[in-house]
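Report on the structure given below.
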Amino acid sequence: MKALIIGGAGFVGKYLLRHLSETYPWELHVTKLPQETVECEHAAVHDLNILEKSGILSLLNEVRPDYIFHLAAQSSVAVSWKRPDLTVDINIKGCLNLLDAIRDSGLKPRILLIGSGEEYGHIQPDETPITENTLTRPGNIYAATKACQNMIGSIYAKAYAMDIMMVRAFNHIGPEQTPVFVVADFCKQVASIEKGLCKPVIRVGNLSARRDFTDVRDVVKAYGLLIQKGESGETYNIGSGRAVEIRALLQQILDLSDSVITVETDPNKLRPVDVPVIEADITKVSRCTGWKPEIPLQETIRQTLDYWRNHL
Ligand code: A2R
């Protein structure tokens with residue numbers, strides 16, 4: 001079997017590559033943007049910009065993959081408010097380019113499109129935990145583009161009999177994540193304070209939001225299973241099944257530090273629209289693959305903080 005990861009230089013790509021190379025006897029290929037680097041002796045690395053369809057087609061003809069994991073994205077909600085045009089281009093047009101190139105190639109790979117729990121958006125309190133049938137009401141530009149990707153995947157699966165599965169991944173965290181995301185941001189700030197690099201003040205956004213956090217190493221295991229066992233045209237939630245208040249998460253991080261730290265609200269970290277509770281129902285993926293998350297949240301937080309302590 002040959003597996004191709006599109007967008008493999010990002011946070012999840014590195015973990016997925018590591019997991020696949022350690023778990024399956026597959027020939028691995030990974031794409032990155034020209035300016036990025038991927039260090040993995042177990043995979044062939046290719047430059048690819050998904051905004052250029054001809055490049056995708058050439059790569060598909062060269063690699064002829066059986067499995068394709070589509071991770072390439074503008075993946076930040078915050079950036080999506082500032083650059084909606086770029087987010088639409090990469091997340092929607094880029095995905096269409098990939099699917100059309102696959103059709104043009106005549107290949108019949110299994111394809112996993114990575115979406116987001118953010119797609120559910122403005123859910124009602126009686127809709128949690130959120131099943132895959134819950135109405136999506138995206139609350140930000142990033143979420144809207146991922147909801148659109150999901151619809152396009154579902155339409156292409158039916159219309160062109162393509163073997164496409166979609167996931168909605170809820171917040172995934174771990175060492176090496178960029179500090180655009182909340183856990184990495186808080187851990188980096190605490191590590192900076194401990195090293196005396198800044199004043200003992202942690203700057204935070206909306207602490208009352210509740211989100212569903214899963215260790216990225218658990219998330220990529222689900223991706224590996226779904227590409228083999230997932231049902232074409234179906235969407236699967238990937239999450240922990242338990243929402244945690246950001247305030248509690250912050251407290252867990254602060255409890256791991258000996259420094260005395262003051263918490264201050266930073267208006268720049270408040271989003272124009274925030275969704276109060278996002279919590280996944282993960283019954284469908286568990287039934288299909290037997291997957292369930294295994295790494296405790298506290299362990300992930302501890303390792304993420306240690307990562308920043310060692311990398312500042
Ligand atoms: O934005 P960059 O320079 O970090 O590059 C990202 C890359 N990417 C692209 N690849 C090919 N063609 C493009 N036009 C393009 N634009 C961006 O996709 C990055 O290396 C990768 C996505 O990785 P991250 O941003 O680190 O996302 P992460 O956390 O690995 O999430 C993977 C997937 C995404 O679809 C998320 O929206 C979803 O899971 O949650």
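Whatever order the structure lists them in is the order used to number ligands and atoms, beginning at 1.
- A continuous path of hydrophobic side-chain contacts links Leu48 to Ile90 [ILVMFWY only; heavy atoms under 4.5 Å].
- Checking only distances, Ile50 does come within under 3.5 Å of ligand 1, N or O to N or O.
- In terms of protein heavy atoms, atom 24 (P) of ligand 1 is closest to Ser75 OG, 3.5 Å.
- Of the N or O atoms in Gln35, none lie within a sub-3.5 Å distance of an N or O in ligand 1.
- Residue contact annotation: Glu36 has a non-hydrogen atom under 4.0 Å from ligand 1.
- Ranking the protein heavy atoms by distance from atom 10 (N) of ligand 1 puts Ala72 CB, 3.5 Å first.
- In terms of protein heavy-atom proximity, atom 16 (N) of ligand 1 is nearest to Ile90 CD1, 3.5 Å.
- Here Lys284 pairs with Glu234 in a salt bridge; the nearest charged N to carboxylate O distance falls below 4.0 Å.
- Panel note: side chain Arg110, backbone Gly230; a donor-acceptor pair is recorded below 3.5 Å.
- Contact check for Thr131 versus Thr283: no side-chain heavy atoms found under the 4.5 Å cut-off.
- Atom 34 (C) of ligand 1 has Leu71 O, 3.2 Å as its closest protein atom, hydrogens excluded (heavy atom only).
- The distance from ligand 1 to the heavy atoms of Asn49 drops below 4.0 Å at these ligand atoms: 12 (N), 13 (C), 14 (N).
- Each of Ile238, Val167, Leu225 was checked for a side-chain contact (heavy atoms from CB on, under 4.5 Å) with Val285, and the lone residue meeting it is Ile238.
- With Tyr120 as reference, Asn237 is the one residue of Asn237, Thr128, Thr134 to meet the side chain to side chain donor-acceptor pair (under 3.5 Å) rule.
- Looking at Gln303, its side chain never comes within 3.5 Å of a backbone N or O of Thr300 through a donor-acceptor pair.
- Taking any N or O of Ala73, backbone or side chain, at least one lies under 3.5 Å from an N or O belonging to ligand 1.
- Side chain of Lys2 to main chain of Tyr67: no donor-acceptor pair is present (N/O by atom type, distance under 3.5 Å, no hydrogens or angles).
- Here the straight-line distance linking atom CG of Leu96 with atom CG of Asp89 works out to 11.5 Å at 0.5 Å rounding.
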### Message
Asp104 vs Lys53, test: salt bridge (charged side-chain N to carboxylate O under 4.0 Å, His left out). Steps then yes/no.
### Response
CA-CA 10 Å; Asp104 292 348; Lys53 191 178 152 196; 3.2 Å; yes
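- For ligand 1, one of its N or O atoms has an N or O atom of Phe11 under 3.5 Å away.
- Without hydrogens or angle criteria, Ser257 side chain to Leu254 main chain gives no donor-acceptor distance under 3.5 Å.
- Every atom of ligand 1 with a heavy atom of Ile114 under 4.0 Å away is listed here by number and element: 33 (C), 35 (O), 38 (C), 39 (O).
- Put simply, the side chain of Asn91 never gets that close to the backbone of Ala73: no donor and acceptor are under 3.5 Å apart.
- With hydrogens left out, the protein atom closest to atom 31 (O) of ligand 1 is Val12 CG2, 3.6 Å, a heavy atom.
- Within the listing of ligand 1, atoms 40 (O) sit less than 4.0 angstrom from a heavy atom of His172.
- Under 4.0 Å from ligand 1, the heavy atoms of Leu48 that appear belong solely to its backbone.
- Residue Ser116 does not touch ligand 1, judged by heavy-atom distances below 4.0 Å.
- The closest approach between Lys146 and ligand 1 falls below 4.0 Å for a heavy atom of the residue.
- Ranking protein heavy atoms by distance to atom 21 (C) of ligand 1, first place goes to Gly7 O, 3.8 Å.
- Looking at atom 23 (O) of ligand 1, its nearest protein heavy atom turns out to be Gly10 CA, 3.4 Å.
- When each atom of ligand 1 is checked for a heavy atom of Tyr142 under 4.0 Å away, the hits are 36 (C), 37 (O), 38 (C), 40 (O).
- Between His70 and ligand 1, no pair of N/O atoms sits closer than 3.5 Å.
- With distances taken over non-hydrogen atoms, the option nearest atom 15 (C) of ligand 1 out of Ile6, Thr145, Leu33, Ile5 is Leu33.
- Under a cut-off of 6.0 angstrom, the local environment of CZ in Arg242 is sparse, with at most 12 non-hydrogen atoms contributed by other residues, nucleotides or ligands.
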